[in-house]
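The block underneath contains the structure these notes are about, expressed in structure tokens.
Reckoned from all heavy atoms, side chains included, excluding hydrogens, waters and symmetry mates. Letters A, B, ... mirror the listed sequences (proteins, then strands); counts begin at 1.
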Amino acid sequence: MRKHVSILALALGTAGALAFCLTGAAADAAPKRGGILKYIIPSNPPSADGHRETTFGTIHPFAQFYSTLIRVNPDNPSSPTDFKCDLCVGEVPKPTNGGKKYTFKIKKGVKWHKLSDSIKTSPEHKAMTKLVGGKELTAHDIAASFSKIVNPPKGVGSPRKAFFLMVEKIYAPDNNTVVFDLKYPSGAFIPALSMPYNFIYSKKVLDKNIHFYEKNVLGSGPFQFVEWQLGSHIKATRNANYYYKGKPYLDGTSAVFAKKYSINLQALRGGRAYIQFRGFPPKMRDDLKKALGKKLTVQEGDWNCVLNVTPNNKVKPFDDVRVRRALSLAIDRWGGSNYLSKIAIVKTAGGIVYPSHPLAANKAELQKLAGWWPDLKKSRAEAKRLLKEAGYPNGFSFTFHNRAVDQPYKIVGTWLIDQWRQIGLKVKQRVQPTSQFYATLRRKKDFDVSMSFNCQSVVNPLLDVSMYQSASVAGNNYAAYEDPKLDAMFQKMNRSGDPAEQRRIMRQYEKRAIDEMAYQFPTMWWYRIVLHRTEVKGWKTSPSHYLNLDLSNIWLEEPLLSAK
Amino acid sequence: MYEYIVKRILLVFPTLLGAAILVFFLLRLIPGDVCELRMAGEGAFVDEEALDACRANLGIDQSIFIQFVDFMWGLIRFDFGLSMWSGQPIVYEIGLRFELSLQVAIMATLFSIIISIPLGTISAVKADTWIDYVVRTFSIAGIAIPSFWLGILIILFLLIFTQSWFGVAWMPPIQYVPIWVDPWYNMSMLIWPALATGYRYSAVATRMTRSALLEVLREDYVRTARAKGLLEKVIINRHALKNAMLPVVTVIGIEFAFLMGGLVVTEQVFNLNGLGKLFVEAVTNNDYSLTQALVMVVVTIFVFTNLVVDILYAWLDPRIRYN
């Protein structure tokens, strides 16, 4: 008994320490009201429409303006399974009707933003604000927003439509109730619903112009729109009528778009910005820590992005499973985790599921998979044996296709080439800018082996692993193989309401995809390092740079000297 | 003269047409498209229907011939259309950045003229003395040092200097405010890129001033002026310098046109929301319509700058007549 208590205490202590490291800060003092949060966004948003875009460049500036139905718990965003109501009342509801019906009760008194008369904006923006500004947000707005995402009208793009394949019908029986009927029970539904892109728009506005939100902002979130200058900046002011009383703490926000990371770093150092929410490489962290010392807070943790090696299964010799397995077996993931994490934004050697999720393989399970074996010598000997058996005793040459982005692509790519050299393979690297890289990967398919990556917002393993299905089923499977067994497992796993069964099928799915068949396989998971000035309080990092960005929890201890 | 100017203006149109045809087809040789980049560029799963809808909305699913006809028809009507990336009118996108780029170009040009003409003159007048060597070293360094690198050094210097002297690191603002809204803030942002680019610009003009003036100073009419006993100051300022200005004006004109759209890296270093940065983003985003429009703007600026330079030639040297 005493032993069990000790183990429990040790586990709790470790968990506490981990949580402390992940959030990087001790408990904050009482929040202070006031101040303008100046932050920097290493992107330039293509549009303001969360439903249409897939980039953090849209989330970072615009999430603050909108409410969502449910969301990742802003007080515990590092948890991949903790979801909270935003517009709904109480806790996230449990399903009824055998897991096929979700009924959400909606908060009363949530109002659409009113714009100040002094704001310079388009006549359409002013007209729409006049139409709904100050009026109550209802369940009909929520149903209309999700209908646009799940069943977009012709000509309206909805890139995450496939996340809602389980949805049969969305409707609002009254002003305060929204119902989702599902075709089958699905563990992927709640995470999909909490994606940060699911901004709630006004039904009246959508009915008038479904493209309105691409260029205009009109929400009900913690901050109200002030100004958006393309390519330059965006400004917001506090929503005094926000439905979480007392929040937001800030008077407003001002974000600058700056793609260059050197500018991002210098802006933090030179007091032009308090925070950049995406993340920095380790070297920049170390440099800034050296320059700012105690004025800098570092928050780190696993990132829901993984770099994969994708052999072209239709090209010889990669159509031979022995060759593909040899490629995976040659990689020293456990060792690489230690030294690559010092120079690149990667760290954890995980499987196909986000490492700390309950559906992820634990270390013992991982170490049974080819390529994750603890004994590297044995692993590489097996790789050489497989190559010999496949008819390549002296190895062969091939070209590794990669994206022309340093972090972490080119760094990990260069490392992989050295890993493969150690089993006798001679590899050249061919890097291409993002646009050309995607054209090669998705359409031209003229590569031997390529780097690919899987980067998602909310951790939703049941759908995040869709890329391992057959190429004809999964649009983001670039390895060009067909495997009905994997497709069947995926479907079975997604239609199961039982987490234990999901986990069991996930292990089978993982083993087949990255071990037995080694169609494509992960290298390492990304590692997110968020740097901010210590004046910023109340914000906690999360597994994704898309999450926890409504900024309502943030408060400033004191203003920066040069923050105009 | 007027006939010459009219002819030059008429020649602008075939030049623009050639540039338009070239940029249209060259852009389409690059693999990939804006929809794929926008939706799949960050590794998220993307529904193929959404990609198709995006391509259909932008018209890039149509044949290249139809796209070309659309583009040319828009060009004839001075309608550049919408940016494929942001969906905003291109005229609005360019207009937003034009003011900043123009201000930096003017400031860098002024800085360059203020530095280069006196230095080039001194260097020529004091040729092969230690003063000449100092000026030549200064100007060669300016040519050798890339503007963006100098920009990085300036920012780092400001950060380190202010940190060590005042205890708080300071860097130039990174968000543009027009000069009439807040002149001090505006200048504290733009003076640094103007210095960084103006230095290289002045180095080229200094070298050109020196060599042109040296050549003029060897002319017979200068010897005659000296023989007549004119003051050296009058000879240099009134007789030699004006004639030596022809190639210098050409260099200044070309550099000015270059600054309007060519500060690609320097604008990124200082995070200036100008035409150069827009150019880079348009190309990397595969935004055909915006890239085409920007190329046309830059070509137009070059063509008209050259026209102005030619007219200045006639003013500087009355012997030049365009018939």
Can you tell which part of [X] gets under 4.5 Å to a heavy atom of chain A, answering side chain, backbone, both or neither?
{"X": "Glu36(B)", "result": "side chain"}
{"X": "Tyr92(B)", "result": "side chain"}
{"X": "Ile174(B)", "result": "both"}
{"X": "Ile152(B)", "result": "neither"}
{"X": "Asp52(B)", "result": "neither"}
{"X": "Val269(B)", "result": "backbone"}

Counting only heavy atoms closer than 4.5 Å, note whether [X] contacts chain B via side chain, backbone, both or neither.
{"X": "Arg52(A)", "result": "both"}
{"X": "Lys444(A)", "result": "side chain"}
{"X": "Glu214(A)", "result": "neither"}
{"X": "Pro45(A)", "result": "backbone"}

query: Which of the residues Pro433(A), Ala291(A), Gly231(A), Gly157(A) is involved in the greatest number of heavy-atom pairs with chain B at under 4.5 angstrom?
result: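 Looking at each option in turn, the highest pair count goes to Gly231(A).
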- prompt: Which distance, rounded to the nearest 0.5 Å, do you find between the CG of Asn285(B) and the OG of Ser435(A)?
  reply: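 That separation rounds to 9.0 Å.
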Chain A contact residues among residues 154-164 of chain B, heavy-atom distance under 4.5 Å: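 The stretch touches chain A at Ile155(B), Leu156(B), Leu159(B), Ile160(B), Gln163(B).
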task: Please indicate whether Lys260(A) has more than 12 foreign heavy atoms, meaning atoms of other residues, nucleotides or ligands, lying under 6.0 Å from its NZ.
output: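 12 or below, so no.
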- request: Kindly give the heavy-atom pair with the smallest separation between Thr54(A) and Arg38(B), and that separation in Å.
  value: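 Of all heavy-atom pairs spanning Thr54(A) and Arg38(B), the closest is OG1-O, 3.0 Å.
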query: Taking the side chain from Arg269(A) and the backbone from Ala169(B), do they hold a donor-acceptor pair closer than 3.5 Å?
result: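 Not at all, since once roles are kept as given, no pair shorter than 3.5 Å links the two residues.
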